[in-house]
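The structure under discussion appears below in the form of structure tokens.
A, B, ... follow the sequence lines: proteins, then strands. Residue 1 opens every chain.
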Amino acid sequence: MIELINLKKHFGGLVAVDGINLSVPRGEFLAMLGPNAAGKTTTIRMIAGLIKPSAGRIIVAGYDLESDSLAARRRMAYVPDFPFLYDKLTPSEFLRFTGQLFELSESSINSAAADLIERFSLGPYLNKPIEGLSHGTRQRVAIVSALLHQPEVFVIDEPMVGLDPFHARVVKDVLKERSRSGMTVFLSTHQLSVAEEMADRIAIMHQGRIVAVGTREELREKSGASGPLEHTFLALTSQEANLAEENAATG
Amino acid sequence: MDSPREKDQMPGFLALLIRVNLIQAWRRLKSIVQQSRLLASIICAFIAGYAWISFWLFHKGLKFVEQFPGLGPLLTERLLFLLFAFLFVLLLFSSLVISYTNYFRNRETAFLLTLPIPRQQIFRWKSIESAVLASWAFIFLTAPLLAAYGLTRGVPWHFYCVTVVLLALFIVLPSIAGSWIAVSLGRYMDRRAFQIAALICVGAILVGAAFWLKAEPVTDEMLETRVLAVMDRLLEKTRFAQFPFLPSYWLSSGVLNWSEGAFASAGFFALVLLSHVLFFGVLSFTRTGGLFFDAVSTVQSRGSVLARWAWFRTWQSRTEQHYERQEPLRRVIDLLFWLRADTRAFLVKDIRIFWRDTSQWAQTLVLFGLLGVYIINLRHFSHQLSNPFWINLVSFLNLGACALNLATLTTRFVYPQFSLEGKRLWIVGMAPMGLKRMVTIKFALAGWTSLAVTLGLIVLSCGMLNVRWDRVLYFAFAITIMTFTLNGLAVGLGVLYPNFKEDNPSKIVSGFGGTFCLVLSFLYIAGSVALLAIGSPWDISGEFRLLRIAVGMGGFVSMSILLGYFPLIFALRKVTAFEI
């Protein structure tokens with residue numbers, strides 16, 4: 001459902017993403033972890049169509065993002081860590097607007113929104129201006145608007161930012177349910193607990209490359225570290241850093 | 001699934017985007033009125049007053065020019081050509097700056113790019129939005145002039161309808177050109193390359209203006225015996241405005257021909273405008289989406305196109321390492337040893353942010369470029385003045401011009417400073433420095449920096465006008481007070497009406513507080529110049545001399561305290577109890 005083929009991104013002289021290859025099948029929940037400046041957000045921004053790769057290809061739901069960008073974006077949803085919302089609109093107006101951008105009819109928007117609005121407890125805020133809503137409520141509005149058109153691929157950056165434990169739970173449940181019914185989820189986070197709890201597979205990115213990808217157990221085996229995911233993560237990223245230092249030293 | 005009928009009834013992407021943004025704009029306007037009806041009324045009254053006064057002045061001016069024996073209509077015609085040619089350049093520049101910000105630094109653009117909207121449609125919407133934002137001031141400026149022109153010429157009613165159509169067509173061309181230049185700049189120039197290119201362009205314009213505006217002395221004998229030859233030389237300098245490939249030429253010719261009843265000629269020029277609008281409009285609306293996305297991606301990727309060559313990367317990295325080692329700005333600021341370390345750090349931060357913000361930079365350059373042209377002009381203007389009355393009048397008008405320039409700087413750059421701290425406000429708020437000192441530092445930095453500019457400007461312009469040294473001191477004293485008042489007003493209102501949701505300084509300024517700041521600044525300048533003229537010690541004699549000086553100076557100082565000191569004090573009080 002998402003295929004990254006030899007994906008590269010350079011920012012001038014800096015290599016942010018260094019030829020990554022990754023395939024996320026339909027219905028899989030993949031969490032991408034990595035230290036700061038590992039290249040996670042750059043990868044997500046390329047998948048979302050915000051920036052062009054320097055080299056390589058991205059296939060979303062069977063469509064090449066470069067040559068068939070519109071078809072790919074029609075089947076995808078993207079929620080950044082600080083989503084953009086029209087401040088002077090109400091959540092109800094914003095949901096209708098985004099639904100219409102995905103060419104949904106009024107009746108489809110209403111039926112798709114009704115359940116999500118209830119699950120995300122947005123009812124009391126539906127007709128209040130977005131500018132007066134808290135960050136968590138705005139985040140919920142953004143997630144609901146992204147789920148409205150039943151995307152096949154859902155890309156989300158730091159989904160739990162600003163959410164209280166109750167709504168964080170709701171987001172996790174909804175994403176897991178959708179994933180089970182066929183939606184591919186590509187999540188980037190620094191919260192290891194979220195990845196551990198939700199993901200079918202975890203990809204660890206470091207210095208622009210994917211250093212490990214697999215299930216929780218596979219990663220533990222590869223790292224040789226036992227215990228919580230934190231140990232696995234630290235072991236894998238430090239191994240990679242040591243390797244890079246050795247390579248640099250030997251020229 | 002949606003039925004085909006339901007799908008047919010859906011609005012297009014462009015219609016949807018326009019509708020949503022119109023709702024946003026309408027609600028923003030309503031919230032301004034709800035915030036304070038009194039202040040909204042003051043702004044409305046100011047706008048209506050501006051329209052009426054400018055119409056009256058244009059009408060008087062055009063009538064005066066029209067009465068020149070034998071030359072009146074020719075001069076009016078040339079003035080119109082010149083005005084539209086300059087407005088074309090300004091409109092082009094304004095479109096360029098607004099399009100650049102709107103394409104590459106706008107969160108809505110980034111949001112729309114992730115949705116299944118064709119990039120061409122996003123470009124179309126953003127171009128329309130930029131054109132509207134860039135050209136409303138043009139309409140605001142030209143409407144009273146054209147109404148006055150119509151009244152002076154006694155044109156029929158349909159002149160006004162045709163003029164509206166011609167203006168609407170005209171606006172499209174600089175908007176399209178501005179949007180294409182913005183896309184090209186985004187694609188091919190990084191910040192440093194743009195700064196260098198902009199400096200070179202402004203320098204070239206100044207050199208060109210200095211050369212073009214070279215004084216040609218006219219003797220009294222020539223004015224008496226060879227008036228037509230002198231006039232011909234004068235008009236020769238303005239002939240560039242009649243270059244037949246300039247869109248402003250087509251607009252001016254259309255307007256002039258229609259007012260003279262030459263409908264066929266006016267129709268020809270209208271069709272020339274229309275054909276260009278259609279040709280470039282179709283190109284822009286159907287063929288630029290891909291280039292636009294390339295440019296957005298390049299700007300977001302921060303890399304320069306030049307970075308594909310190794311020599312550039314090496315040079316860039318060496319420059320960066322050198323800068324990191326030397327830190328020239330910090331070294332300069334560290335010379336201000338009497339300031340506290342945190343104050344110096346804050347100054348370095350503010351200057352760096354301003355320097356690295358291309359859109360801020362570009363607009364500052366335009367302001368300084370205009371100032372340069374103004375000074376160059378003054379040099380020649382003083383040659384024509386021999387009567388003390390005119391020298392005196394021009395020197396007071398010069399004070400007003402310098403202060404108006406300062407007001408533009410303070411409203412555009414100083415007012416949004418507090419709001420631009422935005423989400424970072426807590427860093428300073430929680431630090432020992434505190435918000436109160438932060439506001440004071442911002443005021444001091446803006447005040448002393450702009451004083452260096454305005455004081456230099458007033459001394460230079462007075463020198464050009466050959467004003468006596470004691471009067472230069474008088475104007476220097478006046479501009480010093482005005483500088484700190486206008487900065488106090490801008491900093492004060494910026495804190496009293498903050499907008500932390502907006503990252504774009506142009507949008508912060510266009511809100512209620514920014515408009516109010518501009519209106520108060522203009523009223524203050526008009527009042528101050530009048531009071532300083534009333535209290536000018538050299539121009540009054542008789543028994544009420546001292547009283548007039550006291551009224552003039554007292555009024556000026558009181559008004560300065562009212563508009564500069566009090567807003568700042570209220571702002572400092574507000575930040576003392578500010579909740580972050």
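- The aromatic rings of Phe111(B) and Phe84(A) are tilted relative to each other, their planes meeting at an angle between 30° and 60°.
- Contact between Leu16(B) and Phe97(A) at its shortest, heavy atoms only, is O-CE1, 4.0 Å.
- Only the side chain of Thr98(A) comes within contact range of chain B, with heavy atoms under 4.5 Å apart.
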Q: Could you walk me through whether Lys52(A) and Thr298(B) pass side chain to side chain contact (heavy atoms under 4.5 Å, CB included), step by step?
A: CA-CA 8 Å; Lys52(A) 282 177 148 185; Thr298(B) 307; over 6 Å; no
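- Heavy-atom minimum distance, Arg107(B) versus Phe82(A): NH2-O, 2.7 Å.
- Ranked by heavy-atom pairs under 4.5 Å with chain A, the list Leu112(B), Ile23(B), Ile117(B) is led by Ile117(B).
- In summary, Glu131(A) and Arg28(B) do not engage in a salt bridge, as defined by a charged side-chain N under 4.0 Å from a carboxylate O.
- When every heavy atom of Val296(B) is checked against every heavy atom of Leu50(A), the shortest pair comes out as CG1-O, 4.5 Å.
- One finds the CD atom of Gln24(B) at 5.0 Å from the CG atom of Leu89(A) (value rounded to the nearest 0.5 Å).
- In terms of heavy atoms, Thr114(B) sits closest to Tyr78(A) at CG2-CD2, 3.5 Å.
- Rounding to the nearest 0.5 Å places OG of Ser297(B) at 6.0 Å from CD1 of Ile51(A).
- Residue Tyr63(A) qualifies as open at atom OH: its count of foreign heavy atoms under 6.0 Å is 12 or below.
- For a residue to count as touching a neighbouring chain, one of its non-hydrogen atoms must lie under 4.5 Å from one of that chain's; by this rule Arg45(A) touches chain B with the side chain only.
- Closest heavy-atom contact between Phe102(A) and Leu115(B): CE1-CD2, 3.6 Å.
- The part of Pro83(A) that comes within reach of chain B is its backbone (N, CA, C, O), which places non-hydrogen atoms under 4.5 angstrom from that chain.
- Counting heavy atoms from C-beta on, the side chains of Arg119(B) and Ser69(A) come closer than 4.5 Å.
- Considering all non-hydrogen atoms of both residues, Leu70(A) and Pro118(B) come closest at CD1-N, 3.6 Å.
- Residues Phe11(A) and Gln300(B) have side chains not in contact (no heavy-atom distance under 4.5 Å, counting atoms from C-beta outward).
- When atom types are taken as modelled, the side chain of Arg73(A) and the backbone of Leu113(B) share a donor-acceptor pair closer than 3.5 angstrom.
- By the 4.5 Å heavy-atom criterion applied to side chains, Ser31(B) and Lys88(A) are counted as neighbours.
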